[in-house]
Amino acid sequence: MAETKIAKQYNPFGVEERLYQDWLQKGYFHANEDTEKKTYSIVIPPPNATDILHLGHALNNTLQDVMIRWQKMLGKETCWLPGTDHAGIATQVVVEKLVAKEGTSRRELGRDEFVKRVWDYVSDRKGRILNQLKKIGCSCDWERTRFTFDEQLSEAVKEVFIRLHEKNLIYKGKYIVNWCPRCQTSLSDDEVEHQNYASKLWFIKYKLKGQDQYLIAATTRPETMLGDTALAVNPKDERYQKYIGKTAILPILDRELKIVADDYVDPEFGTGVVKITPAHDPNDFEISQRHDLEKINILNPDGTLNENAGKFKGFDTKAARKAVLAELEKKGLLDKIEDYDLTAGTCYRCSTIVEPYLSEQWFVRMKPLAEPAIEAVKSGQLRFHPEHWEKTYLYWTENIRDWCISRQLWWGHRIPVYYCRDCNHEMIAKVKPEKCEKCNSADIYQEEDVLDTWFSSWLWPFSTFGWPSQTRELETFYPTNSLFTASEIIFLWVARMVMAGYEFTGKLCFNDVYIHGTVRDAQGRKMSKSLGNGIDPIEVINQYGADSLRLSLILATPEGQDPNIAMNTFELGRNFANKLWNASRFILMNLGDELTDGELESIDDIRELPLMDRWILSRLNETIKKTTEQLQSFRFNAAAKLLYEFIWHDYCDWYIELAKGRLYGEESAEDQVKAKRVLGFCLDGILKLLHPFAPFVTEELWHLLHRRDEGDGSIMEARYPRANEKLIDIKLEEMMARLQRVVYAIRNIRAEMNVPPSKKAEVHLKITDPALRETLEQNQNYLINLGKIEKLVIGDDLKKPQLSASAVIPSAEIFIPLAGLIDVDTERSRLQKELENITKLLEKTRKKLANREFVEQAPKEVVDKQREKEQEYEEVVQKINANLEQLTGW
RNA sequence: GGGUGGUUAGCUCAGUUGGUUAGAGCACCUGCUUUACACGCAGGGGGUCACUGGUUCGAAUCCAGUACCGCCCACCA
């Protein structure tokens with residue numbers, strides 16, 4: 001065997017950086033918009049510009065990279081467009097905290113200065129996460145990197161706002177919105193997270209005007225009574241018929257409250273009387289609209305009570321609740337208190353409890369936009385993987401509500417609306433109008449609010465390619481093919497992109513949506529900063545290498561479920577990469593530079609290959625076929641497992657082991673050539689098959705195998721293997737499996753009878769099936785190697801040698817003479833155990849066959865199979881018994 | 001409350017149209033410096049497939065229900 005410089009262990013460090021730089025330099029990742037080829041494009045789910053990489057990103061982007069690299073090797077012009085999101089509220093919150101540390105605040109700095117500070121911060125951090133993606137090996141087209149706040153993307157945002165406004169799909173109105181008192185902005189429904197907590201239900205007594213009677217209303221938020229303007233009962237509720245239209249008196253503030261009847265009220269709940277607070281409860285707001293009730297806002301934007309709260313002005317809601325309850329108690333107006341579990345909406349960015357709050361906001365009418373998006377799924381044009389997510393998508397799109405798009409933030413796309421200070425005229429425009437179109441005044445100011453972050457991200461699949469300009473890249477790469485994301489943003493992002501795609505480009509923006517799980521820790525908990533259970537992917541790469549990270553993540557992520565990941569999970573991928581490395585190392589040591597590129601890539605000109613060669617080629621092609629099928633249906637885990645199984649257990653455990661004797665010249669010179677050809681051909685296929693999953697190690701090995709200098713070409717330019725069905729031979733695989741069973745049996749006897757590997761044994765094979773006997777005879781040299789055999793005797797009518805251990809498999813008996821070595825008790829219990837096993841199986845089979853209904857109704861093949869088994873088991877049982885009997889004679 | 005995913009070996013999971021001796025990786029036990037790999041090789045132990053009923057000749061697999069875990073959605077005060 002030739003000496004080699006190749007290390008015994010794969011060392012990814014150095015390799016990865018070098019190869020990635022080379023790929024970048026050669027421009028392999030850049031997509032050509034003038035291509036004639038079929039295209040395949042993906043837009044990245046843009047991470048927040050200031051994010052740092054976590055395992056969720058690592059998984060998400062590894063999957064995209066597998067898809068892109070695979071498609072590229074299938075011959076497509078691939079485009080994977082990367083970029084980041086300005087993440088309005090999230091980023092603003094972070095910078096607010098930073099300036100707070102400096103002892104100042106957003107308001108103190110003023111809008112212009114604060115926005116500048118955010119820009120500074122973002123510019124400093126932006127691109128960090130994209131650089132981290134490079135470490136994973138992502139083949140993004142970096143020349144097309146976009147940011148949702150880029151000038152061109154901002155133009156797209158304005159264009160969209162104006163178009164929707166012209167179609168009357170955008171409107172401004174006073175509504176109850178979710179208000180975060182800390183961020184002091186509205187939030188869309190989808191930005192509110194619900195949390196359960198134990199609370200109380202307070203029963204408050206409302207005195208009827210001019211009478212000494214009370215109506216009692218239950219509430220979960222007693223402090224909001226300060227904004228009550230009515231009481232409501234169900235019109236059919238007989239208990240309260242007589243009070244409808246009467247007046248009650250609000251405790252503490254002594255405001256007069258109308259008593260109204262509304263179907264919304266559930267007579268079963270509480271007392272059947274509801275206090276109505278139109279400005280601070282969405283339902284109450286609806287009721288107040290129907291009954292034309294006064295709406296009294298008792299909150300300041302920061303969540304403290306305002307002048308409408310009388311003496312409680314300035315209290316925060318918590319203090320107000322305490323004070324109000326104390327006063328009610330004192331006045332004897334608190335009827336009772338019950339325990340009650342309820343949910344509170346909290347801000348998805350800062351977890352502050354959100355207040356329903358009446359304010360003026362901008363909305364998008366979603367119903368008309370949702371219609372084609374619903375149809376896309378129903379018609380099968382838009383597919384989810386796993387499929388069940390389409391239900392979630394449909395549930396939301398079919399029950400869609402208008403989208404509140406204005407945010408009272410400073411970091412974001414400012415709404416392109418201008419007002420005249422003189423006549424209040426409203427103008428929608430991309431740039432500030434010089435003069436009021438109505439009164440000619442030059443005193444014009446822009447709307448203060450900015451747009452929801454998602455108002456730019458829902459345009460991402462086409463704004464990034466230059467829309468609204470009809471660019472060449474838009475034409476070539478849009479619509480995109482697939483989208484990879486997590487389930488949390490099916491509503492926030494996926495569905496809205498589909499809507500925007502149809503509305504503004506008339507096209508479905510992608511056909512396949514792959515939803516992967518959320519990465520969890522070993523105990524199944526979400527990884528989070530507060531728990532401190534997160535794993536830093538960069539740390540993983542530093543410790544194990546990028547290929548290990550990628551392979552491990554994919555191998556550990558069950559299809560459509562959440563993967564549980566611990567640091568040692570990454571040993572899985574590392575070991576696999578190392579196994580591949582060493583298998584290749586072995587091949588390279590033995591092949592030298594004997595094979596040409598052509599020989600590595602084709603096997604057609606070799607005739608009359610021996611069993612094992614035809615077997616590994618059959619397995620290889622079967623693996624190619626199945627892997628391709630799995631990739632086509634977005635089953636990455638299954639695809640990776642197929643490759644793992646084939647490479648490790650078929651190619652390494654069996655084929656390489658079988659080939660060793662041939663390489664060492666134990667067969668003919670001609671056979672040695674065949675072995676080398678097949679070894680090399682399979683390895684070349686393996687590297688290509690695995691490249692999308694483990695780009696670095698496969699590239700490195702491919703160069704070594706093809707004896708290419710550094711930087712000379714890339715495995716990426718090779719064609720992904722296609723299955724040659726003619727080479728798949730199931731019959732032959734079955735014969736090989738029988739040969740393997742013989743080897744297993746020999747090894748089992750050796751191990752259980754404590755025959756050390758260093759001691760070669762004599763083996764007698766009594767084979768009654770001629771086909772098997774012939775195969776074993778032809779391959780006896782390999783049996784000798786695999787079983788560490790000194791002398792092999794094969795025949796159809798051998799006698800069991802005295803003092804030998806035995807094993808029985810269908811149509812074969814294995815004897816290993818062990819004079820002096822054999823322990824009779826061990827051998828007896830070994831045989832007895834096996835006898836028990838087979839007897840159980842035999843009984844089970846006999847029972848089935850004794851069942852007349854089974855024999856009559858089951859398909860013939862199934863019954864025949866059981867008959868065959870019965871025979872097999874009978875034969876084995878009988879032979880084991882004979883061997884046992886012989887033992888007792890000792 | 002509605003929806004949805006899960007429950008198979010100590011742990012993480014396969015098991016694609018019902019018929020396999022129910023599998024793999026990790027962990028565990030026993031051997032092994034066998035000239036690719038100890039990040040390895042060989043052998044082995046370990047499961048009443050959550051529970052209950054049903055359909056069927058036959059159920060881990062199909063149906064119904066129960067329990068537990070998880071996620072998403074939800075304006076019942």
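Note on naming: letters A, B, ... go to the chains in the order of the sequence lines (proteins, then strands), and numbering restarts at 1 for each one. None of the values given here were measured: they were computed from a predicted structure.
- Here A36(B) presents its P atom at 17 Å from CG of L705(A), a figure rounded to the nearest Å.
- Listed by chain and number, the residues in a salt bridge (charged side-chain N to carboxylate O under 4.0 Å, His left out) with R867(A) amount to none (sequence neighbours excluded).
- Ring orientation note: the planes of F634(A) and H385(A) are close to parallel, at an angle under 30° on the 30°/60° scale.
- The side chain to side chain contact (heavy atoms under 4.5 Å, CB included) test applied to A751(A) returns no partner, not counting sequence neighbours.
- Using a 4.0 Å cut-off, no side-chain N or O of R635(A) falls inside it from OP1 or OP2 of A14(B).
- Going from atom OH of Y340(A) over to atom P of A77(B) covers 4 Å, rounded to whole Å.
- Judged by distance alone, the side chain of D228(A) and the main-chain N or O of A230(A) form no donor-acceptor pair under 3.5 Å.
- Among the atoms of the strands shown, only primed sugar atoms or phosphate atoms (P, OP1, OP2) are found under 4.0 Å from some heavy atom of D653(A).
- Note on Y544(A): nothing from the nucleic acid sits closer than 4.0 angstrom, heavy atoms only.
- As judged by a 4.0 angstrom heavy-atom cut-off over every strand, R741(A) is placed among the base-contacting residues.
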Determine all donor-acceptor pairs shorter than 3.5 Å in which one atom belongs to a side chain in residues 637-659 of chain A; sequence neighbours excluded.
residue : atom : partner : partner atom : Å
N637(A) : ND2  : I554(A) : O            : 2.9
N637(A) : ND2  : L555(A) : O            : 3.0
N637(A) : ND2  : T557(A) : O            : 3.3
H649(A) : ND1  : D653(A) : OD2          : 2.9
D650(A) : OD2  : R619(A) : NE           : 2.7
D650(A) : OD2  : R619(A) : NH2          : 2.8
Y651(A) : OH   : L679(A) : O            : 2.8
Y655(A) : OH   : D613(A) : OD1          : 2.4
E657(A) : OE1  : K660(A) : NZ           : 3.4
E657(A) : OE2  : K660(A) : NZ           : 3.1

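- Candidate nucleotides C76(B), A36(B), G25(B) were compared by shortest atom distance to the side chain of L572(A), and G25(B) ranks first.
- Applying the salt bridge (charged side-chain N to carboxylate O under 4.0 Å, His left out) test to R738(A) and every residue at least two apart in sequence or in another chain returns D769(A).
- One donor-acceptor pair, N or O on each side, does fall under 3.5 Å between the base of A36(B) and the side chain of E657(A).
- Both V862(A) and V273(A) lie close to RNA chain B; mapped to their nearest nucleotides by heavy-atom distance, the more 5′-ward contact belongs to V862(A).
- Residues from residues 744-752 of chain A placing a heavy atom under 4.0 Å of any atom in RNA chain B, listed by number, are Y744(A), R747(A), N748(A), A751(A), E752(A).
- Within 4.0 Å (heavy atoms only), W648(A) reaches sugar-phosphate atoms of the nucleic acid but no base atom.
- A salt bridge links R321(A) with E223(A); the closest basic N to acidic carboxylate O contact falls under 4.0 Å.
- Distance from the side chain of V274(A) is smallest to A77(B) among G40(B), A77(B), U21(B).
- Atom-to-atom, CD1 of I587(A) to P of A36(B) comes out at 10 Å; the value is rounded to the nearest Å.
- For Y10(A), no side-chain nitrogen or oxygen approaches OP1 or OP2 of A36(B) to under 4.0 Å.
- Here the side chain of N582(A) is nearest to one of A36(B), U16(B), A77(B), namely A36(B).
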(request) Please step through ring pair (Phe, Tyr, Trp, His ring centres under 6.0 Å) for the pair W389(A) and F384(A), ending with a clear verdict. (result) CA-CA 6 Å; W389(A) 287 110; F384(A) 280 84; 8.3 Å; no

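- A sub-4.0 Å separation between OP1 or OP2 of G6(B) and a side-chain N or O of R520(A) is absent.
- Picking from C72(B), A36(B), U34(B) the nucleotide with the shortest atom distance to the side chain of F491(A) gives C72(B).
- Put simply, the side chain of N578(A) never gets that close to the backbone of Q9(A): no donor and acceptor are under 3.5 Å apart.
- Using a 4.0 Å heavy-atom cutoff across all strands shown, Y395(A) reaches sugar-phosphate atoms only and no base atom.
- Contact check, Y873(A) against U21(B): a side-chain N or O comes under 4.0 Å of OP1 or OP2.
- In this structure, E571(A) reaches neither bases nor backbone, as no heavy-atom distance under 4.0 Å exists between it and the strands shown.
- K579(A) is linked by a salt bridge (charged side-chain N to carboxylate O under 4.0 Å, His left out) to nothing, counting only residues two or more places apart in sequence or in another chain.
- The side chain of H388(A) places no N or O atom within less than 4.0 Å of a non-bridging phosphate oxygen (OP1 or OP2) of C72(B).
- Checked for salt-bridge contact, K865(A) and E868(A) miss the test: no charged N lies under 4.0 Å from a carboxylate O.
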Kindly give the atom pairs (protein nitrogen or oxygen, nucleotide nitrogen or oxygen) under 3.5 Å for nucleotides 53-58 of chain B.
residue : atom : partner : partner atom : Å
C57(B)  : OP1  : Q857(A) : OE1          : 2.7
C57(B)  : OP1  : Q857(A) : NE2          : 3.4
C57(B)  : O2'  : N851(A) : ND2          : 2.7

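- Backbone-only engagement by K391(A) is indicated by non-hydrogen atom pairs under 4.0 Å involving sugar-phosphate atoms exclusively.
- Base-pairing analysis of RNA chain B finds the following stems of at least three consecutive Watson-Crick or G-U pairs, with both pairing distances under 3.5 Å: B:1-7 with B:67-73, B:10-13 with B:23-26, B:28-32 with B:40-44, B:50-54 with B:62-66.
- Note on H280(A): nothing from the nucleic acid sits closer than 4.0 angstrom, heavy atoms only.
- Between the CG atom of N837(A) and the P atom of U21(B) there is a distance of 12 Å, rounded to whole Å.
- Across the interface with RNA chain B, nearest-nucleotide mapping of S487(A) and S584(A) shows S584(A) to be the residue nearer the 5′ end.
- OP1 or OP2 of U34(B) has not a single side-chain nitrogen or oxygen of N785(A) nearer than 4.0 Å.
- Contact annotation: K8(A) side-chain N/O to C37(B) OP1/OP2 distance is under 4.0 Å.
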(request) Take K275(A) and T224(A) through the test side-chain hydrogen bond (donor to acceptor under 3.5 Å, both in side chains) and record every step on the way to the result. (result) CA-CA 9 Å; K275(A) 64 188 257 324; T224(A) 63; 2.8 Å; yes

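- Nearest to the side-chain atoms of K869(A) among the listed nucleotides U4(B), A77(B), U20(B) stands U20(B).
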Below 3.5 Å is the cut-off: list the nitrogen or oxygen pairs between protein and nucleotides 9-13 of chain B, distance only.
residue : atom : partner : partner atom : Å
C13(B)  : O2'  : K641(A) : NZ           : 3.4

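- Within the structure, no pair that satisfies the side chain to side chain donor-acceptor pair (under 3.5 Å) test touches residues 564-576 of chain A, not counting sequence neighbours.
- Side-chain proximity of R574(A) to the nucleotides A77(B), U16(B), C39(B) is greatest for C39(B).
- Residue pairs meeting the salt bridge (charged side-chain N to carboxylate O under 4.0 Å, His left out) criterion with at least one partner in residues 550-564 of chain A, sequence neighbours excluded, are D65(A)-R550(A), R520(A)-D562(A).
- N399(A) contributes a side-chain N or O that, together with a main-chain N or O of Y395(A), makes up a donor-acceptor pair within less than 3.5 Å.
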Show the atom names and distances, to 0.1 Å, of all donor-acceptor pairs under 3.5 Å that link a side chain in residues 846-856 of chain A to residues at least two apart or in another chain.
residue : atom : partner : partner atom : Å
R846(A) : NH2  : E874(A) : OE2          : 2.9
N851(A) : OD1  : E853(A) : N            : 3.0
N851(A) : OD1  : F854(A) : N            : 3.4

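- Between K833(A) and G45(B), a side-chain N or O to OP1/OP2 separation shorter than 4.0 Å is present.
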